[in-house]
**Q** 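I'd like to ask you about the structure that follows.
When reading the values below, keep in mind they use all heavy atoms of this one structure, side chains included, and skip hydrogens, waters and symmetry mates.
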Amino acid sequence: MRKRLAKWIYFNLLGWKLQGAYSTLQDTQKAVIIAVPHTSWHDFYIGVLVRAILGVKVNFIGKKALFVFPFGYLFKALGGTPIDRQRNHNVVKHISALFSKHTTYRLALAPEGTRKKVSQWRTGFYYIAQTAKVPIIMFALDFEHKKTIFSKPFTVTNDMDADLKVLHAFFKGIKGKIPQYS
């Protein structure tokens, strides 16, 4: 029922399309999924619809302030974990450890770290994938053409500069909900 409703909303009501290697998400039990560009709160429900359509569990992290009453219950039920970004915790180490505690753990992150325009991605996602020894799956939110695009799993190397060039290239030309922030 949930899957049928998600399909109807995503495909019929909103008019979106799925593209790329989205079936690999179902086959990949552990991964860091980077969602780019992250320009609007609309990205969240698009992602929730896509995971319902694909029938996969995807977790996410968010700033602690989002997990207060009444939305905290909803975000936790949807697989969210609050992160206190104000304190100097070893967030990468903490999140990487979550992968070893679960048989299936897919973590969606926005490398921009904000919905505003940024000149450089935050690299925590990269270090999480490297430390947890899991691949990165790229998930593009193309609002201009109303499609979400998935990459095949990408295994990080020890050359972060080269890897980031590959990752950035996948998202080249993709426009988010607010194009000037893309």
Side-chain angles (χ1 to χ4, degrees), residues 1-3 5-7 9-10 16 18 20-87 89-115 121-141 148-156 163 167 170-171 176:
M1 175 66 173
R2 229 184 290 172
K3 189 174 189 171
L5 180 60
K7 281 183 171 184
I9 292 170
Y10 181 83
W16 280 62
L18 280 172
Y22 57 87
S23 64
T24 61
L25 185 60
Q26 297 161 318
D27 301 331
T28 306
Q29 298 305 306
K30 295 183 181 188
V32 171
I33 302 163
I34 56 171
V36 176
H38 180 40
T39 66
S40 166
W41 65 272
H42 294 278
D43 304 340
F44 182 75
Y45 69 79
I46 296 293
V48 170
L49 289 170
V50 169
R51 78 177 196 183
I53 291 165
L54 297 178
V56 295
K57 183 177 180 185
V58 177
N59 297 85
F60 62 94
I61 58 172
K63 59 185 171 184
K64 190 176 177 182
L66 293 174
F67 287 83
V68 297
F69 182 81
F71 298 109
Y73 294 110
L74 173 65
F75 290 145
K76 286 180 183 175
L78 290 172
T81 302
I83 296 294
D84 185 355
R85 299 185 307 181
Q86 301 303 321
R87 296 189 179 179
H89 293 95
N90 190 339
V91 177
V92 169
K93 184 178 178 183
H94 172 73
I95 295 170
S96 299
L98 294 173
F99 284 91
S100 63
K101 293 178 183 176
H102 301 279
T103 306
T104 301
Y105 196 76
R106 301 174 192 96
L107 179 66
L109 298 168
E112 293 118 327
T114 182
R115 291 182 302 267
W121 288 353
R122 299 178 92 177
T123 55
F125 77 93
Y126 185 88
Y127 291 113
I128 291 167
Q130 191 175 51
T131 304
K133 295 178 177 42
V134 299
I136 293 172
I137 295 176
M138 294 160 267
F139 175 64
L141 294 146
T148 51
I149 310 161
F150 284 88
S151 75
K152 292 181 179 177
F154 174 80
T155 303
V156 298
D163 290 346
L167 298 174
F170 181 83
F171 298 105

**Q** Quick one: closest heavy-atom pair of K64 and P82, and the distance?
**A**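 Heavy-atom minimum between the residues: CA-CB, 4.0 Å.
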**Q** Would a distance-only check, ignoring hydrogens and angles, find a side-chain to backbone donor-acceptor pair under 3.5 Å from K30 to H102?
**A**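 Flag set: sc K30 to bb H102 pair under 3.5 Å.
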**Q** Within the 4.5 Å heavy-atom criterion, are M138 and L167 side-chain neighbours or not?
**A**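 Yes; the side chains approach each other to less than 4.5 Å.
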**Q** Might you work through the side chain to side chain contact (heavy atoms under 4.5 Å, CB included) test for L18 and L54, ending with a clear yes or no?
**A** CA-CA 10 Å; L18 280 172; L54 297 178; 4.1 Å; yes
**Q** Is the shortest side-chain heavy-atom distance between L107 and V134 below 4.5 Å?
**A**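 Result no, sub-4.5 Å side-chain heavy-atom pair not found.
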**Q** Do V32 and L109 have side-chain heavy atoms sitting under 4.5 Å apart?
**A**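 Yes, at least one pair of side-chain atoms sits under 4.5 Å.
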**Q** Against F139, only a single residue in F154, F170, F150 fulfils ring pair (Phe, Tyr, Trp, His ring centres under 6.0 Å); can you say which?
**A**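 The residue from F154, F170, F150 that satisfies ring pair (Phe, Tyr, Trp, His ring centres under 6.0 Å) with F139 turns out to be F150.
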**Q** As a test of understanding, state which of T155, I34, I128, D163 forms a side-chain contact (heavy atoms from CB on, under 4.5 Å) with I136.
**A**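 Per the side-chain contact (heavy atoms from CB on, under 4.5 Å) rule, the option paired with I136 is I34, out of T155, I34, I128, D163.
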**Q** Within the structure provided, determine whether N90 and V92 are in side-chain contact (heavy-atom separation under 4.5 Å).
**A**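 A side-chain contact under 4.5 Å exists here.
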**Q** What distance do I61 atom CD1 and F125 atom CZ have between them, rounded to the nearest 0.5 Å?
**A**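 Between atom CD1 of I61 and atom CZ of F125 there are 12.0 Å.
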**Q** Is there a side-chain contact between T148 and Y10, using heavy atoms and a 4.5 Å cut-off?
**A**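 T148 reaches Y10 side chain to side chain.
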**Q** Check step by step if side chain to side chain contact (heavy atoms under 4.5 Å, CB included) holds for Y127 and Q130.
**A** CA-CA 5 Å; Y127 291 113; Q130 191 175 51; 3.7 Å; yes
**Q** Using the side chain to side chain donor-acceptor pair (under 3.5 Å) rule, collect all pairs that involve residues 44-58, keeping only residues at least two apart or in two chains.
**A**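 Pairs touching residues 44-58 that pass the test: H42-Y45.
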**Q** I need the minimum non-hydrogen distance between P37 and D43, along with the two atoms involved.
**A**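 Minimum heavy-atom contact is O-OD2, 3.6 Å.
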**Q** For the pair R106 (side chain) and L25 (backbone), establish whether a donor and an acceptor sit closer than 3.5 Å, ignoring hydrogens and angles.
**A**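 Yes; at least one donor-acceptor contact below 3.5 Å.
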**Q** To the nearest 0.5 Å, tell me how far L141 CG sits from F171 CZ.
**A**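 It is 8.5 Å, given to the nearest 0.5 Å.
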**Q** Can you name the nearest heavy-atom pair linking A31 to F99, along with the distance?
**A**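 Where A31 meets F99 most closely, the heavy atoms are O-CE2, 3.6 Å.
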**Q** Taking all non-hydrogen atoms of both residues, which atom of F60 and which atom of L78 are closest, and how far apart?
**A**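 Heavy-atom minimum between the residues: CE2-O, 3.7 Å.
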**Q** How about Y22: does its OH atom have over 12 heavy atoms from other parts shown lying under 6.0 Å from it?
**A**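 At most 12 heavy atoms, drawn from other residues, nucleotides or ligands, come within 6.0 Å of this atom.
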**Q** Okay, side chain of K152, backbone of T24: is any donor-acceptor separation there less than 3.5 Å?
**A**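 Not confirmed, K152 side chain does not pair with T24 backbone.
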**Q** How long is the gap from CG on L66 to CZ on F75, to the nearest 0.5 Å?
**A**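 The CG atom of L66 sits 5.5 Å away from the CZ atom of F75.
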**Q** Is the number of heavy atoms from other residues, nucleotides or ligands within 6.0 Å of NE2 (H94) greater than 12?
**A**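 12 or below, so no.
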**Q** Between T131 and S96, what is the shortest heavy-atom contact and its length?
**A**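 Reported closest heavy-atom pair: CB-OG, 3.4 Å.
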**Q** Give a yes or no answer on whether the side chain of Q26 reaches the backbone of G55 with a donor-acceptor pair at less than 3.5 Å.
**A**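 Side chain of Q26 to backbone of G55: no pair is present.
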**Q** Kindly give the heavy-atom pair with the smallest separation between T103 and Q29, and that separation in Å.
**A**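 It is O-CB, 3.9 Å.
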